[in-house]
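Just the heavy atoms: all of them, side chains too, but no hydrogens, waters or symmetry mates, feed the values below. FYI, the numbering just counts along the sequence from 1.
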Amino acid sequence: MRWVKRHLLAFAALAVLFYMLIPNVVVAVFSFNKPKGRYNYQWTEFSTEAWQHPCGTPGICESLGLSLRIGITASLVATVLGTMVAFALGRHRFRGRAGTNLLVFMPMATPEVVMGSSLLTLFVMMGVPSGSEAILIAHIMFCLSFVVVAVKARVASLDPRLEEAAADLGANAVQTFLRVTLPLAAPGIAAGALLAFSLSFDDYIITNFNASPSSITFPMYVWGASTRGTPVQINVIGTIMFLIALVVVVGGQLYSSRRQKAA
């Protein structure tokens, strides 16, 4: 009983983690199903046909490619801009800093329905046509806030004495930033970039407001397919995305632990 009490928190954490991963396990299992009807909701027969032909359903790989292009571009732009904003807010005091912090948090607190309809109104007034360009602008806008928050938290935890030591050893401002500050802030920047990509790739509501008939992203394709039949290829792509995310997270943890042991 003493051993159980000492590890009770670990057991509870594993139970919660297992509960959270149940939907991913179900998606992975049903990716090997061969449904008899249009809907992949009941197990009927084991099959690897969907894995052999992941683009067998018309339009699924086109929508996936569009989501990947928008997600990667939006995350890169939001990461660069968000990192600069985070350093400005975390390191400098200027007039309007409090108002800027409020504006950064507003997209995170605003309901997506309100944000999507507002962006649609803005694009119509400015003459920006609906489509992939409008979706990209919208994704950069709301991903920027999450990057700023993630990087700002990392910047706030940096020890300024390390930068002072680099300056004492003869490094100029650029060298100090590139060799000391930026490597220390890299985990926060990477976290903000991954968060921005996941939010952009997964978004449906804001995207639906600003999309055109020729710019169907993967979430929009999944939503449309659910009304007329869910192809097994959706489960295949979802499983692949989950495995990629799992490899990235586990690889990052292993790399971090090796660096700590080496230090």
Side-chain angles (χ1 to χ4, degrees), residues 64-158 177-178 181-212 215 217-220 241 244-245 248-249 252:
L64 177 62
L66 179 60
S67 289
L68 289 175
R69 290 194 299 271
I70 293 177
I72 292 174
T73 306
S75 59
L76 289 176
V77 176
T79 300
V80 173
L81 296 178
T83 300
M84 293 189 291
V85 173
F87 272 96
L89 294 175
R91 291 296 182 85
H92 302 283
R93 300 292 183 269
F94 52 90
R95 183 177 298 178
R97 182 172 178 268
T100 304
N101 278 313
L102 178 62
L103 292 176
V104 167
F105 280 97
M106 282 187 65
M108 301 173 62
T110 304
E112 290 192 357
V113 173
V114 176
M115 190 182 303
S117 58
S118 300
L119 284 171
L120 175 61
T121 304
L122 176 64
F123 290 150
V124 170
M125 293 177 60
M126 296 180 61
V128 178
S130 299
S132 57
E133 291 80 8
I135 296 174
L136 178 61
I137 296 173
H139 284 202
I140 293 173
M141 188 276 297
F142 71 79
C143 288
L144 183 63
S145 299
F146 292 91
V147 175
V148 171
V149 172
V151 179
K152 185 182 175 183
R154 182 65 179 177
V155 171
S157 64
L158 298 182
F177 178 78
L178 293 178
T181 307
L182 189 60
L184 292 174
I189 298 174
L194 293 175
L195 181 60
F197 175 78
S198 62
L199 291 171
S200 174
F201 184 86
D202 186 60
D203 183 76
Y204 170 79
I205 299 177
I206 298 177
T207 303
N208 190 43
F209 273 99
N210 299 281
S212 64
S215 58
T217 61
F218 186 68
M220 295 178 62
M241 297 296 295
I244 292 175
V248 171
V249 172

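For the atom pair F142 CZ and I206 CD1, the distance stands at 5.0 Å (nearest 0.5 Å). To the nearest 0.5 Å, atoms CG (L199) and CG (L194) are separated by 11.0 Å. Once rounded to the nearest 0.5 Å, the distance linking CG of L66 with CZ of F218 reads 12.0 Å. Atom CG of D203 and atom CD1 of I205 lie 7.0 Å apart (nearest 0.5 Å). Taken to the nearest 0.5 Å, the CD1 atom of I70 stands 8.5 Å off from the CD atom of E133.
Within the 3.5 Å criterion, the main-chain N or O of I72 finds a donor-acceptor partner in the side chain of S75. Side-chain atoms of T110 come within 3.5 Å of backbone N or O of M106 as a donor-acceptor pair. Proximity of a side-chain donor or acceptor of S200 to a complementary backbone N or O of F197 within less than 3.5 Å is not detected. No donor-acceptor pair under 3.5 Å is formed between the side chain of S67 and the backbone N or O of L64.
With sequence neighbours excluded, the residues satisfying side-chain contact (heavy atoms from CB on, under 4.5 Å) with M84 are V80, L81.
Smallest separation of non-hydrogen atoms from G192 and V147: O-CG2, 3.5 Å. Heavy atoms only, all atoms of each residue included: V151 and I189 are closest at CG2-CA, 3.8 Å. Of all heavy-atom pairs between I140 and A78, the closest is O-CB, 4.2 Å. Listed here is the closest heavy atom pair of N210 and I135: O-CG1, 3.8 Å. Scanning all heavy atoms of the two residues, the minimum distance from R154 to P187 falls at NH2-CG, 3.9 Å. Taking all atoms of both residues into account, the shortest heavy-atom contact from L89 to R97 is O-NH2, 2.6 Å.
By the 4.5 Å heavy-atom criterion applied to side chains, V104 and K152 are not counted as neighbours.
Environment of CE in M108: crowded, with over 12 heavy atoms of neighbouring residues, nucleotides or ligands closer than 6.0 Å.
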Go through the steps to decide whether H139 and T207 satisfy the test side chain to side chain contact (heavy atoms under 4.5 Å, CB included), and finish with yes or no.
-> CA-CA 8 Å; H139 284 202; T207 303; 2.8 Å; yes
May I have the list of side-chain donor-acceptor pairs in residues 113-131 shorter than 3.5 Å, sequence neighbours left out?
unit_1: S117; atom_1: OG; unit_2: V113; atom_2: O; d: 3.0
unit_1: S117; atom_1: OG; unit_2: V114; atom_2: O; d: 3.0
unit_1: S118; atom_1: OG; unit_2: V114; atom_2: O; d: 2.7
unit_1: T121; atom_1: OG1; unit_2: S117; atom_2: O; d: 2.9

